[in-house]
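Structure first, commentary second.
Every value quoted in this text rests on a predicted model; they were computed, and no experiment measured them.
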Amino acid sequence: MQTKSVLGQSEIDTIVAAARAEAQKHGWMVAIALVDDGGHPLALVRLEGASPVSAYIAIEKARTSALGRRESKAYEDMINGGRTAFLSAPLAGTLEGGVPVVVDGQVVGAVGVSGVKSEQDAQVARAGVQSIAA
């Protein structure tokens, strides 16, 4: 039987706080979502001034990253590279800004961010993920 880590409330709070701090440091009005390895929401924060749709997009970016076991940007790159058939995949967040949370080589969740430029969304998500890196 295999065992793997799971995100507890302490890690959830740490990740969200670090992502929020990164966004606020730059004055970025974003939504930040954290999901478990199955793409199920664990936390969602929409910073003041962030568009309501950013919350939906953040969750989908996180879900795409968790289920795909990679950054959501990989799917955006695939599609932009001409593999348009991938648009029919059952993933709604195929834009940069979803980053997996990896512990001991296992994906245990993902952070998705939406509200600013895609690379800035990813920067905020990575800040959250890196907050619990060993």
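- Side-chain contact between Pro100 and Arg69 is absent, with no heavy atoms from C-beta onward closer than 4.5 Å.
- Rounded to the nearest 0.5 angstrom, Met78 CE and Thr84 OG1 are separated by 12.5 Å.
- Side-chain atoms of Ser54 never come within 3.5 Å of backbone atoms of Gly115 as a donor-acceptor pair (strictly under, hydrogens ignored).
- Not counting sequence neighbours, the partners of Val108 by the side chain to side chain contact (heavy atoms under 4.5 Å, CB included) test are Ser5, Leu7, Val101, Val103.
- Note on Ile32 and Ile12: same hydrophobic cluster, where clusters join Ile, Leu, Val, Met, Phe, Trp and Tyr whose side-chain heavy atoms are under 4.5 Å apart, directly or indirectly.
- Linking Ile, Leu, Val, Met, Phe, Trp and Tyr residues whenever their side-chain heavy atoms come within less than 4.5 Å places Val45 and Val116 in a single cluster.
- Side-chain N or O atoms of Thr14 include one that pairs as donor or acceptor with a backbone N or O of Ser10 at under 3.5 Å.
- Put simply, Val113 and Ile59 are part of two different groups of oily side chains (I, L, V, M, F, W, Y) that touch within less than 4.5 Å, one to the next.
- Residues in residues 75-89 take part in these salt bridge (charged side-chain N to carboxylate O under 4.0 Å, His left out) pairs, two or more places apart or across chains: Lys73-Asp77.
- In this structure, the side chain to side chain contact (heavy atoms under 4.5 Å, CB included) partners of Met29, at least two apart in sequence or on a different chain, are Ala50.
- When hydrophobic side chains of Ile, Leu, Val, Met, Phe, Trp and Tyr are connected at separations under 4.5 Å, Leu95 ends up as a singleton with no cluster partners.
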Under 3.5 Å, which donor-acceptor pairs link side chains of residues 35-44 to any protein atom two or more places apart or in another chain?
unit_1 : atom_1 : unit_2 : atom_2 : d
Asp36  : OD1    : Gly38  : N      : 2.9
Asp36  : OD1    : Gly39  : N      : 3.1
Asp36  : OD1    : His40  : N      : 2.9
Asp36  : OD1    : His40  : ND1    : 3.2
Asp37  : OD2    : Lys4   : NZ     : 2.2

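- Note that CH2 of Trp28 and CG of Asp121 are 8.5 Å apart. Values are rounded to the nearest 0.5 Å.
- Partners of Val53 under the side chain to side chain contact (heavy atoms under 4.5 Å, CB included) rule, at least two apart in sequence or in another chain, are Ser51, Ile57.
- With sequence neighbours excluded, the residues satisfying salt bridge (charged side-chain N to carboxylate O under 4.0 Å, His left out) with Arg126 are Glu71.
- With Ser131 contributing its side chain and Gly128 its backbone, the two residues share a donor-acceptor pair below 3.5 Å.
- Every pair tested for side chain to side chain donor-acceptor pair (under 3.5 Å) that includes a residue from residues 103-120 fails, sequence neighbours excluded, so the list is empty.
- Annotation for Gly97 and Ser72: closest pair N-OG, 3.4 Å, computed over non-hydrogen atoms.
- Summarising the hydrophobic clusters (Ile, Leu, Val, Met, Phe, Trp, Tyr; side-chain heavy atoms under 4.5 Å, direct or chained), the residues clustered with Val107 are Val102.
- In this structure Ala127 satisfies the side chain to side chain contact (heavy atoms under 4.5 Å, CB included) test together with Glu22, sequence neighbours excluded.
- Contacts classified as salt bridge (charged side-chain N to carboxylate O under 4.0 Å, His left out) and involving residues 9-20 (residues at least two apart or in different chains) are not found.
- Under the ring-ring contact (aromatic ring centres under 6.0 Å, His included) criterion, no residue pair touches residues 43-72, with sequence neighbours excluded.
- The shortest non-hydrogen separation linking Ala110 to Ala66 is CB-N, 3.6 Å.
- Contact between Ser65 and Arg70 at its shortest, heavy atoms only, is OG-O, 2.8 Å.
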